[in-house]
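In what follows, a single structure is set out as structure tokens and then discussed.
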Amino acid sequence: MPELPEVETIVRDLQEILPGATIKDLQVLRPNVIRGSKTIFKEQLIGKTFESISRRGKNIVANMGSRLILVVNLGMTGRLGLQQDDSLFTHPAIYFTLNIGPTLVYDDVRRFGKLNIYNEQEWLDRSAQLGPEPLSPDYKHTDLHEKLNSSLSPIRSWLLDQKNVVGVGNIYANESLHLSGIHPQRPANRITEKESQLLYKALRKILLSAIQNRGTTLRNYRDVSGKGGNNSTKLRIYGRHGENCLGCSEQVQRIVFSNRSAFFCPRCQR
DNA sequence: AGTGTATCCTGCAGGC
DNA sequence: TGCCTGCAGGATACAC
């Protein structure tokens with residue numbers, strides 16, 4: 001469910017709440033959302049204090065002190081929130097009892113999300129396998145162009161692969177490709193330098209404005225306080241098949257490849 | 001090596 | 001109403 005803008009919104013919310021909070025107790029109701037044994041997971045986390053919260057791609061990264069890192073990937077329907085109103089959590093998977101404030105809840109309808117504990121080195125290694133952050137000032141359009149050159153895969157699939165660039169999921173891949181006028185099935189290595197520059201700009205613009213709108217809520221996504229994001233009405237192409245393209249009024253098409261829907265305008269995107 | 005597909009789950013919308 | 005099918009923001013193990 002959540003892509004970079006949604007995870008960024010949650011991380012900013014958590015930064016206001018968690019640093020300094022100590023985990024007093026922990027209940028794992030759904031063991032399949034954690035890697036490894038529930039007993040070890042509890043042993044490692046109970047008594048630890050949240051030192052800082054950050055984001056790497058679609059991962060929420062919590063520094064727990066003692067060189068221990070808790071990494072939360074929300075999958076499709078994962079969500080972190082505070083238990084101020086029980087009715088908000090339909091599928092609680094983990095309860096974190098803190099020394100201050102309400103209980104922190106990890107809730108996940110489909111349980112595709114995962115919580116992982118790493119030591120510092122393990123996380124560095126894992127993080128090194130991920131691609132660059134698209135919003136980092138170090139990320140240049142030439143980085144994107146060079147990497148595109150070595151791949152035959154359709155550009156929409158390429159954008160979803162976290163080894164190439166992190167944080168982009170199906171919504172923002174489709175949105176960026178529409179804004180830059182590139183067909184989702186175009187082989188990555190057949191994107192011209194000029195087009196890759198357009199894609200680079202589109203990607204950053206789309207992600208930044210979605211962050212400003214606190215993310216896209218189609219169904220399950222909620223911020224930490226339980227509110228949906230405001231970006232869904234701003235979508236230009238995602239989910240709009242059968243409607244008119246905003247640029248040229250041609251009908252928006254939907255096709256499926258790699259088991260995911262792609263939306264595009266046959267006139268604006270070649 | 002580098003891609004595409006099936007799979008993990010539950011809920012919901014739409015067709016009959 | 002109820003049953004069936006398809007589809008949903010992600011990541012990964014596997015087959016080619």
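In the text below, chain A, chain B and the rest are named by the order of the sequence lines, each starting its count at 1.
The side-chain contact (heavy atoms from CB on, under 4.5 Å) test with Tyr172(A) singles out one residue from Leu160(A), Leu177(A), Leu4(A), Asn231(A), and that residue is Asn231(A).
Cation-pi geometry between Arg126(A) and Tyr118(A) is not satisfied (NZ or CZ under 6.0 Å from the ring centre, within 45° of the ring normal).
Per the geometry, CZ belonging to Arg156(A) stands 9 Å off P belonging to dG9(C), to the nearest Å. Look at CG on Asn149(A): it is 16 Å from C1' on dG2(B), rounded to the nearest Å. When the P atom of dG4(B) is taken as reference, atom CG of Leu160(A) falls 11 Å away, rounded to whole Å. Between Leu130(A) atom CG and dG10(C) atom C1' there is a gap of 13 Å when expressed in whole angstrom units. In this structure, CG of Asn220(A) is placed 10 Å from P of dG11(B), rounded to the nearest angstrom. When rounded to the nearest whole Å, the span between CG of Asn170(A) and P of dC7(C) equals 13 Å. Atom P of nucleotide dA8(C) and atom CZ of Arg240(A) are separated by 17 Å, given to the nearest angstrom. Here dA1(B) presents its P atom at 13 Å from NZ of Lys163(A), a figure rounded to the nearest Å.
Taking atom P in both dT5(C) and dT7(B), the straight-line distance is 16 Å, to the nearest Å. dC9(B) and dC3(C) have their P atoms separated by 24 Å, given to the nearest Å.
When the nucleotides dG4(B), dG9(C), dT10(B) are ranked by their closest atom to the side chain of Ser157(A), dG4(B) comes out on top. Nearest to the side-chain atoms of Tyr238(A) among the listed nucleotides dG4(B), dC9(B), dG9(C) stands dG9(C). Among dG10(C), dG11(B), dT12(C), the nucleotide with an atom closest to any side-chain atom of Phe112(A) is dG10(C). Of the candidates dG4(B), dG9(C), dG10(C), dG4(B) carries the atom nearest the Ser153(A) side chain, counting heavy atoms from C-beta on. Listed nucleotides: dT10(B), dG4(B), dA11(C). Nearest to the side chain of Pro154(A): dG4(B). Comparing dT3(B), dG10(C), dA8(C) against the side chain of Leu152(A) picks out dT3(B) as the nearest.
Annotation: the span from Glu175(A) atom CD to Glu3(A) atom CD amounts to 9.5 Å, rounded to 0.5 Å. If you take NE2 on His241(A) and CD1 on Ile237(A), they are separated by 11.0 Å, rounding to the nearest 0.5 Å.
In this structure, Lys114(A) reaches neither bases nor backbone, as no heavy-atom distance under 4.0 Å exists between it and the strands shown. Backbone-only engagement by Arg126(A) is indicated by non-hydrogen atom pairs under 4.0 Å involving sugar-phosphate atoms exclusively. Base contact: Thr217(A) has a heavy atom under 4.0 Å from a base atom.
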Mind running salt bridge (charged side-chain N to carboxylate O under 4.0 Å, His left out) on Glu133(A) and Arg55(A) for me, showing each step along the way? CA-CA 10 Å; Glu133(A) 289 285 339; Arg55(A) 182 188 58 73; 3.0 Å; yes

Check step by step if salt bridge (charged side-chain N to carboxylate O under 4.0 Å, His left out) holds for Arg12(A) and Glu8(A). CA-CA 6 Å; Arg12(A) 289 179 187 181; Glu8(A) 179 66 23; 2.8 Å; yes

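Listed for the Ser66(A) side chain is no donor-acceptor partner under 3.5 Å among the backbone atoms of Leu68(A). Side-chain atoms of Asp161(A) come within 3.5 Å of backbone N or O of Lys163(A) as a donor-acceptor pair.
An OP1 or OP2 oxygen of dA11(C) is reached within less than 4.0 angstrom by a side-chain nitrogen or oxygen of Asn73(A). Proximity of Thr77(A) to the phosphate of dA8(C): no side-chain N or O atom is located under 4.0 Å from OP1 or OP2. For dG11(B), one of the phosphate oxygens OP1 or OP2 lies less than 4.0 angstrom from a side-chain nitrogen or oxygen of His91(A).
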How is the base pairing of DNA chain B summarised as a dot-bracket string, given the Watson-Crick and G-U wobble criteria with both distances under 3.5 Å, [ ] for crossing and | for another strand? .|||||||.|||||||

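Mapped onto DNA chain B by nearest heavy atom, Arg219(A) and Trp158(A) fall at different nucleotides, with Trp158(A) at the one closer to the 5' end.
Aromatic rings of His183(A) and Phe264(A) (six-membered ring for Trp) have centroids within the 6.0 Å cut-off, being under it.
No hydrogens or angles considered: a donor-acceptor pair under 3.5 Å links the side chains of Asn73(A) and Asn59(A).
Looking at residues 254-264 of chain A, you'll see Arg254(A), Arg260(A), Ser261(A) sit with a heavy atom under 4.0 Å from some atom of DNA chain C.
A donor N or O paired with an acceptor N or O is not found under 3.5 Å between the base of dC9(B) and the side-chain atoms of Arg111(A).
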Identify each donor-acceptor pair in which a side-chain atom of residues 203-210 of chain A lies under 3.5 Å from a protein atom, sequence neighbours left out, and give them as a table.
from: Arg204(A); atom 1: NH1; to: Pro134(A); atom 2: O; distance (Å): 3.2
from: Arg204(A); atom 1: NH1; to: Ser136(A); atom 2: O; distance (Å): 3.2
from: Arg204(A); atom 1: NH1; to: Tyr139(A); atom 2: O; distance (Å): 3.2
from: Arg204(A); atom 1: NH1; to: Tyr200(A); atom 2: OH; distance (Å): 3.0

